[in-house]
Protein chains: 2
Amino acid sequence: MQRDTAQRRAIRDVLLAANRPMSPQELLEDARSRVPNMGIATVYRTVKGLTELGWLVTVELPGEPQRYEVSGKGHHHHFSCNACGRVFEIHGCPSEMDKMLPKGFHMESHEVILYGRCDDCNQSRKQRG
Amino acid sequence: MQRDTAQRRAIRDVLLAANRPMSPQELLEDARSRVPNMGIATVYRTVKGLTELGWLVTVELPGEPQRYEVSGKGHHHHFSCNACGRVFEIHGCPSEMDKMLPKGFHMESHEVILYGRCDDCNQSRKQRG
DNA sequence: ATCTCTGCAAATGTTTTGCATCAGC
DNA sequence: GCTGATGCAAAACATTTGCAGAGAT
């Protein structure tokens with residue numbers, strides 16, 4: 001990750017503009033509006049490199065491809081829209097999770113994912129009636 | 001899923017004995033002690049069939065292969081051991097998750113996954129000192 | 001005996017890698 | 001011009017499917 005290429009700039013710009021975790025496929029589609037011939041391999045190589053640099057962190061949701069988001073946002077969780085498939089950041093954290101632990105188990109971290117409909121998808125449902 | 005074959009019996013028995021969600025690979029390894037030549041395709045076909053019958057439900061954890069567990073256990077979540085990689089059922093549910101929702105978002109379901117060390121792995125750490 | 005189920009191997013879909021060429025420095 | 005980065009295509013890996021033969025009924 002030494003050179004500042006058009007492809008890398010495109011991927012960084014797309015991620016900063018979207019402000020939500022994106023999959024390699026989503027990234028490729030958006031980045032191609034800036035660098036039309038970009039290959040998927042470049043996306044994978046770039047997000048891997050940016051993750052090793054600490055500029056990105058991976059976001060893994062059950063049963064879905066790995067996503068990437070800009071790092072440095074502190075502890076947070078995600079909301080996955082059942083209608084449009086996009087994933088959003090959410091803040092806050094449920095408490096009392098340690099009460100769920102079986103005896104002898106020790107918790108080191110946790111993951112919370114909420115599913116439902118995002119604001120955009122709720123709006124368009126209302127508009128349609 | 002009409003015939004009662006040795007392969008299907010093996011897979012059902014392994015799942016009932018383990019009492020935790022298992023991946024196709026785990027299932028194959030355990031089931032081969034009963035049916036040595038079992039193929040991985042049979043495992044995939046069987047868990048798919050048992051899921052359609054409602055006898056199994058899928059358990060998907062971020063970044064990990066799909067697991068299967070015996071159904072009918074009611075609402076619960078999972079604990080993934082960072083040491084041995086096994087996944088366990090946990091009961092109870094954090095509250096106040098709706099407070100994490102951004103404006104306009106509507107929650108339909110949720111997923112909670114705790115990570116840490118299971119009882120077995122904590123015990124063996126203690127024994128070693 | 002019939003027809004489903006199985007094991008193998010080939011196909012699929014996703015991510016990774018090899019390599020000749022391109023382009024940032 | 002040197003050498004890292006890219007695009008393409010092939011490889012790797014997990015899961016699914018096609019098919020001939022095995023086995024449950």
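Quick caveat, the model's predicted, so the values are computed rather than measured. Chain letters run A, B, ... following the sequence lines, proteins first, then strands; residues in each count from 1.
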query: Is there a side chain to side chain contact (heavy atoms under 4.5 Å, CB included) between A:N19 and A:K73 once you walk through the steps?
result: CA-CA 11 Å; A:N19 199 38; A:K73 304 201 171 214; 2.5 Å; yes

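Listed candidates were C:dT17, C:dT15, C:dT6. Nearest to the side chain of A:P65 is C:dT15.
When each of B:A6 and B:P24 is assigned the nucleotide of DNA chain D bearing its nearest heavy atom, the one mapping closer to the 5' terminus is B:P24. A residue-by-residue look at B:K48 and B:Q2 shows that B:K48 has its nearest nucleotide of DNA chain D further toward the 5' end. Between B:M1 and B:R32, the one whose closest nucleotide on DNA chain C sits nearer the 5' end is B:M1.
Across the protein-nucleic acid pair, B:D4 atom CG and C:dT6 atom P stand 10 Å apart, rounded to whole Å. With rounding to whole Å, B:Q25 atom CD is found 8 Å from D:dT15 atom P. Going from atom CD of A:Q66 over to atom C1' of C:dT14 covers 12 Å, rounded to whole Å. Separating the CD1 atom of B:I40 from the P atom of D:dC13 is a distance of 15 Å, rounded to the nearest angstrom. Atom CE of B:M38 and atom P of D:dG23 are 14 Å apart (whole Å). Rounded to a whole Å, the CG atom of B:L53 is 15 Å from the P atom of C:dT4. The nearest whole Å value for the distance from the CG atom in B:L28 to the C1' atom in C:dG7 is 12 Å. Atom CD1 in A:I11 sits roughly 13 Å away from atom P in D:dA5 (whole-Å rounding).
A sub-4.0 Å separation between OP1 or OP2 of D:dT6 and a side-chain N or O of A:R8 is present. One finds no side-chain N or O of A:T5 lying less than 4.0 angstrom from the OP1 or OP2 phosphate oxygen of C:dA23. Taking 4.0 angstrom as the limit, A:Q7 places none of its side-chain polar atoms (N or O) nearer than this to OP1 or OP2 of C:dA23. A close approach under 4.0 Å does not occur between any side-chain nitrogen or oxygen of B:R45 and OP1 or OP2 of D:dT17.
Closest of all the heavy-atom pairs between A:E89 and A:H76 is CG-CD2, 3.1 Å. In terms of heavy atoms, B:H75 sits closest to B:C93 at NE2-SG, 3.2 Å.
Salt bridge absent: A:D119 and B:K103 never bring a charged side-chain N and a carboxylate O closer than 4.0 Å.
B:R3 contributes a side-chain N or O that forms a donor-acceptor pair with the base of C:dT4 under 3.5 Å.
For CZ of A:R9, the number of neighbouring non-hydrogen atoms (other residues, nucleotides, ligands) closer than 6.0 Å is greater than 12.
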